[in-house]
There are 2 protein chains.
Amino acid sequence: MELSDLKVFLAIAEERNISRAAERLGYVQSNVTARIRKLEEELGLPLFYRHPKGVSLTDKGVTFSEYAKNILNLSEEAVQVVKETEFPSGPLAIGVVDSVTCLDFMDTLAEFQRRYPDVSLSIWSGTSSDLLTKVLDHQLDGAFVIGEFDSPHLVSEHIQREELTLVTSSHMRGFPDLSLTRWAVSPAGCPFRRALEAWLRSEGVSFDNIIEFSSLETLIGCVRSGLAATLLPASVLAGDYSAFGSFPIPEQYRYTQTCLIRRKDRYSSKAFVAFSKLIVDSMAV
Amino acid sequence: MELSDLKVFLAIAEERNISRAAERLGYVQSNVTARIRKLEEELGLPLFYRHPKGVSLTDKGVTFSEYAKNILNLSEEAVQVVKETEFPSGPLAIGVVDSVTCLDFMDTLAEFQRRYPDVSLSIWSGTSSDLLTKVLDHQLDGAFVIGEFDSPHLVSEHIQREELTLVTSSHMRGFPDLSLTRWAVSPAGCPFRRALEAWLRSEGVSFDNIIEFSSLETLIGCVRSGLAATLLPASVLAGDYSAFGSFPIPEQYRYTQTCLIRRKDRYSSKAFVAFSKLIVDSMAV
DNA sequence: TGCAAGCATCATTATTATTGATACCGAAAT
DNA sequence: ATTTCGGTATCAATAATAATGATGCTTGCA
């Protein structure tokens, strides 16, 4: 049994299809078939059920896949750790919730690239829970998410407290009538949306006059044009204050936390440490 | 990088000598040299210093070897877990301190073999600290040791409280004069010896009139012949009471604990669980 | 009945690992 | 100084293994 066998195995397990796994791995189907059969023979048991439309893991296969993931993660970490130089370098994958990408966060990124040109930084954006999954799955070194997350595998560091405001178009004058307002929101799971829901519920206002946006840019565009209002950190409006009206909301719902999360058991590369330090410093200003 | 590369790497690291590692692995030296060089090239850094009399790990090599061990342990565990059948089977390596091997422990072993013939049991004996090391090193599934051990990687289960007695030959009559007694002891590190030392110190008796035995059998033989006295659990004398005199010692030094230790993070096979259950039950009687 | 999608098989080829012979290197012995 | 010894490195030849491409087999579905 070799690490490459585990990679092949996991590819099949994820694709639930040998042909697709072969394609993904850049091999030919017969090869992948042969390898997985060899592995099964070596273990003396089937890892997959074969059905006409693909394959699926047996119980033992499920168990084995957990081990396989751990083993491969560990082997990657070993290589990374040992290759690491004194100066931050190598790949660094960071997740950022959409709402943060609008901040002067971008400036900080540029600064990071300038200081540490040997780090190849890749930024993923997504919802907090997407990013959470990716961090737990070793697909990201760390992520900036909104809200508190509690997992035995994570550590999180508070980066910044954001102040949510009720944002409207500047065409509308003054604090709107909540019950008559149409709301622009992110898909379910977004902490801003949850805060909005909680607030409106406490005001006794129903929450069905909503439009959902998967992209924050579009959402903001919609608010700017006066189609709807929303709840966002004022900082997201990126200085374009003249186009918007911004109103405080009750203190109970006003604050959200941006946290940097990472896996407890994952080795923090020099690049990661440098990155998180730079972010914390720049946020503190 | 493959698991076999890690095995080659670790063999060299342990032997500190490529030729010996090759021999141990059943390869020819040039092959092992080539493989390790290929691995080093892949990592882009040397794992070993070469000197005229062999090789030694670089700093990075030390780091890498820690990962390599973990990865290989995990991969072995993966195979073992997945191969495991409903009924206990497979290899089971247990360590037992010398002093326990004399008990009716052997009967329990025989019973275990009878009940679970598919388990290939191997018993290692040694001192408590030897066994401790082997358990931590994944060389043993578990071990019976005397005394309390505290390691974040271990869990231990109390099996039995042993009562230490002052053992003399039946030739000598009555409680001996401690200051005139010659003592037969196990090598340093044995908990019985430590207890004896502590007791004698508290009595103000010096502890230099000693003979060391590496084998408990020989030690007991020596005591039987009247050459020396010692401190042992009465149970060790194996029913041969007529040949010995046995005297209680102060309560403070009288008791030792036999514990079953195992690694916290190690998967407990069905065989191990069955074994430890059988032992606990048989001790409870 | 005839696809189409998917896994299995197999002969062939490409790649990689292993060997065995030999070169090399430094330390210790002569 | 020279040899010898215990070790690693190199390299051409060979053995073993992995990958390919073509084809066969099964099943669900139209």
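Naming: A, B, ... by sequence-line order, numbering from 1 per chain.
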By side-chain hydrogen bond (donor to acceptor under 3.5 Å, both in side chains), which residues pair with [X], not counting sequence neighbours?
| X | value |
| --- | --- |
| A/R37 | none |
| A/S276 | none |
| A/S120 | none |
| A/N31 | none |

Any pair counted as salt bridge (charged side-chain N to carboxylate O under 4.0 Å, His left out), so long as it reaches [range], sequence neighbours left out:
| range | value |
| --- | --- |
| residues 134-143 of chain B | B/D141-B/R266 |
| residues 85-95 of chain B | none |
| residues 60-82 of chain A | A/E66-A/K69 |

Assign each of A/R35 and B/I12 the nucleotide of DNA chain D bearing its closest heavy atom; nearer the 5' end lies the nucleotide of B/I12
To the nearest Å, how far apart are [X] [atom1] and [N] [atom2]?
| X | N | atom1 | atom2 | value |
| --- | --- | --- | --- | --- |
| B/R20 | D/dT8 | CZ | C1' | 13 Å |
| B/K38 | D/dC11 | NZ | P | 17 Å |
| B/N31 | D/dA12 | CG | C1' | 15 Å |
| A/L39 | D/dA18 | CG | P | 12 Å |

Taking every heavy atom of B/S75 against every heavy atom of A/I71, the minimum-distance pair comes out as CA-CD1, 3.5 Å
Residues A/L260 and A/G142: closest non-hydrogen pair is CD1-C, 4.5 Å
Residues of residues 22-30 of chain B with a heavy atom under 4.0 Å from any atom of DNA chain D, listed by number, are B/Q29, B/S30
What residues 41-59 of chain A contributes to the DNA chain D interface at heavy-atom separation below 4.0 Å is A/P52
Check for me whether the distance between the ring centres of B/Y267 and B/F272 falls short of 6.0 Å.
no
First and last nt of DNA chain C near chain B, cut-off under 4.0 Å to heavy atoms, 5' to 3', are C/dA17 to C/dA27
task = Please assess B/R193 against B/E197 for the test salt bridge (charged side-chain N to carboxylate O under 4.0 Å, His left out), listing each intermediate value before the final yes or no.
result = CA-CA 6 Å; B/R193 175 179 177 159; B/E197 286 182 40; 3.1 Å; yes
query: Where does the angle between the aromatic ring planes of B/F9 and B/F48 fall among parallel (under 30°), tilted (30 to 60°) and perpendicular (over 60°)?
result: tilted
In short, the helix from C/dT1-D/dA30 to C/dT30-D/dA1 is bent end to end, axes from five pairs each side, to 10°, by 10°
Those residues at least two apart in sequence (or on a different chain) that pass salt bridge (Lys or Arg N to Asp or Glu O under 4.0 Å) with B/K264 are none
